[in-house]
Protein chains: 2
Amino acid sequence: MDRGLVDVVRRFNRTVTQRVGALDDSYLARDRPLAQSRLLWEIGPAGAEVAALRTRLDLDAGYLSRLLRTLEGEGLVAVGPGEGDGRVRTARLTDAGRAEWGLLDGRSDDLAWSVLEPLSAGQRARLTSAMAEVERLLMASLVTIGPCHPGDPRARACLRAYARELAGRFDAGFDPAGSGVEDNELIPPAGLFLVATVSTEAVGCGAVRLPADEPAEIKRLWVSGTVRGLGVGRRLLDELERHAAAAGAGSVRLDTNRSLTEAMRLYRSAGYQEVPRYNTNPYAHHWFAKPLT
Amino acid sequence: MDRGLVDVVRRFNRTVTQRVGALDDSYLARDRPLAQSRLLWEIGPAGAEVAALRTRLDLDAGYLSRLLRTLEGEGLVAVGPGEGDGRVRTARLTDAGRAEWGLLDGRSDDLAWSVLEPLSAGQRARLTSAMAEVERLLMASLVTIGPCHPGDPRARACLRAYARELAGRFDAGFDPAGSGVEDNELIPPAGLFLVATVSTEAVGCGAVRLPADEPAEIKRLWVSGTVRGLGVGRRLLDELERHAAAAGAGSVRLDTNRSLTEAMRLYRSAGYQEVPRYNTNPYAHHWFAKPLT
DNA sequence: AGGAATACCTGACTATAGTCAGTCATCATG
DNA sequence: CATGATGACTGACTATAGTCAGGTATTCCT
């Protein structure tokens, strides 16, 4: 624990959070209680499912319901049935609600501008790029990695995104049906499936197979675009290797497609060496292996 | 109003403020209501005057008093008479309070470390430097400049700091007594005194004399170390020149000591040219003037 | 088809935050 | 040494946030 760095983070938390945060709240709440304003804001012009609002704002179901009734009473929101599932209801802004939302949106712009306005052009550029950097790296530090059943909704979401991306990037497209790995090969003790999440959203995954008679094999390493370049892939890979080593594997291998250049860069920098073809995966062009200590 | 920059600031406010702020609060409040924790924290091991706490936390006097009674009731705080003014009371932590404060301090460290811990060394360095940059520039944008009576406590505080600094930097020391400018020369319409403040703290000042028979003269331009390098001096100077021009001055001049190199750099970059000695100020080595449009 | 789970709702609460008017001691000022 | 200002305190409030135990309709699972 580095005192100097910790102090910078503490100072930052203190000043930025309190000054900017308090300002932000006071701008959002106009006459209305803050919780109502936040909810109105979160519903947005496109509307939102009540369930989504609950998780996004982290509110008690009863409390949220009551807040929605109040906003309905003021004629700002209408809660109606959703599209598919008949239990899920959707909150939409009325015309008056949309007008109010627009007002909040404008105030939010004003607040942001009031931060930039006193600064010179050069300072504005430095401030915004530093803000973007803080945001990205804070995002990186909020990524948590943990084991997960491959049938879990978070895992499913990752695998869907993974397949969609491969389909878009491979010259020959990609058909997930023939990927040749069963879910139960990725459940301990046969293997392990990891997801990387930010709060509740899954932003990456990776798996390792641990067959009894062959080397361990990394499968389905994927990182969402929102956190790419932040070391999440490396953390997933490290964790999978650690697990394989703990399970007694002496080495680990993997295959990849020639269009996945960042992935190959990652493997090389993580100590993988290219090896001859060891399987018949039609989508693979390169095979890598790494000894485990 | 630049949309792209405004959007960056809005995103930053939204994500960083809310995520970090919420985390920070939840770490600070342990069993105890947040307001109590904040107060306990703010009192600190050194103790604090009740009046200072009120302005720092921006609390209602009655509410603060009640909070102090609660903390006293829990044996964490003792409120006693202060040093000088018998009306002002001082809150001090008891031994138990100090222990509790230490706990909060430790939790604050833990929280900061939990942000850094998942990152690589390079990322940590980048994050903390970006945080420091955001903090400094945000500070710069929080600086407000306005006119002020030279007898105002904020002005007095600045002038004291100014004199202290000059005394430290001038080869021959500095005696504020013989500075030769009366307060009433710096009050409209004879002149103007400006202070730069961050919330309630004065961080800079500057004045202009507008004698009937001579050019306008800039006096007492000073910027606190906490905001130096953030363009506050430039903003003060601009504002003073604008005022002088509006009052009909055709040019403005000033003198300075050879040890004040940043100030001279500022004057030159603001369009001032060195001119021959125009007064007998014993502390001055350089004289500058600038025509006003 | 029947039971478990899910999404939302209502009623009845409690806790926390914050406000306001009025009181009392102390201090600065003429 | 009266007068007004200031700092802290108390009592009596209100508003906001949040919790919890049911209850109903819908969907999922087998």
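All figures in this text were calculated on a predicted structure; none of them were measured in a lab. Every chain is numbered from 1, with letters handed out A, B, ... down the list of sequences.
Nearest nucleotide to the Arg87(A) side chain, out of dT26(D), dA8(D), dC27(C): dT26(D). For Arg54(B), whose side chain is taken as the heavy atoms from C-beta onward, the closest listed nucleotide among dA8(D), dT19(D), dC9(C) is dA8(D). Here dT10(D) is the nucleotide among dT19(C), dA17(D), dT10(D) with the atom lying nearest to any side-chain atom of Arg69(B). Of all nucleotides listed (dG18(D), dT16(D), dC8(C)), dC8(C) comes nearest to the side chain of Ala51(A). Listed nucleotides: dC9(D), dC8(C), dC9(C). Nearest to the side chain of Ser65(B): dC9(D). For Val88(B), taking side-chain heavy atoms from C-beta onward, the closest of the listed nucleotides dA8(D), dT16(C), dT19(D) is dA8(D).
One interatomic measurement links the two molecules: CG of Leu39(B) to P of dG18(C), which rounds to 12 Å at whole-angstrom precision. Between Leu53(B) atom CG and dG7(D) atom C1' there is a gap of 13 Å when expressed in whole angstrom units. Nucleotide dC9(C) holds its P atom 11 Å from the CG atom of Leu67(A), rounded to whole Å. In this structure, Asp60(A) atom CG and dG11(C) atom P are separated by 15 Å, rounded to whole Å. Here the P atom of nucleotide dG7(D) and the CD atom of Glu49(B) are 11 Å apart, to the nearest Å. Spacing between atom CG of Leu68(B) and atom C1' of dA8(D) amounts to 10 Å, rounded to whole angstrom units. In this structure, OH of Tyr63(A) is placed 19 Å from P of dA12(C), rounded to the nearest angstrom. Atom CG of Leu59(B) is separated from atom P of dT19(C) by 9 Å (rounded to the nearest Å).
A salt bridge links Arg30(B) with Glu100(B): the closest approach of a Lys/Arg side-chain nitrogen to an acidic carboxylate oxygen falls below 4.0 angstrom.
Contact annotation for Leu34(B): backbone-only contact, meaning every heavy-atom pair under 4.0 Å involves sugar-phosphate atoms and none involves a base. Backbone-only contact: Asp85(B) has heavy atoms under 4.0 Å from sugar-phosphate atoms and none from a base.
An OP1 or OP2 oxygen of dA7(C) is reached within less than 4.0 angstrom by no side-chain nitrogen or oxygen of Arg89(A).
Ring planes of Trp101(A) and Trp41(A): parallel class, angle under 30° (limits at 30 and 60°).
For Arg10(B) (side chain) and Asp105(A) (main-chain N/O), a donor-acceptor pair under 3.5 Å exists by modelled atom type. In terms of modelled atom types and a separation under 3.5 Å, the side chain of Arg32(A) and the main chain of Ser37(A) share no donor-acceptor contact. Distance alone, capped at 3.5 Å, places no donor-acceptor pair between the Ser65(B) side chain and the Ala61(B) backbone.
Side chain Arg66(A) to base dG11(C): a donor-acceptor pair is found below 3.5 Å.
Remark on DNA chain D: of its neighbouring residues Gln36(A) and Leu64(B), the 5'-side contact belongs to Leu64(B), judged by nearest-heavy-atom nucleotide.
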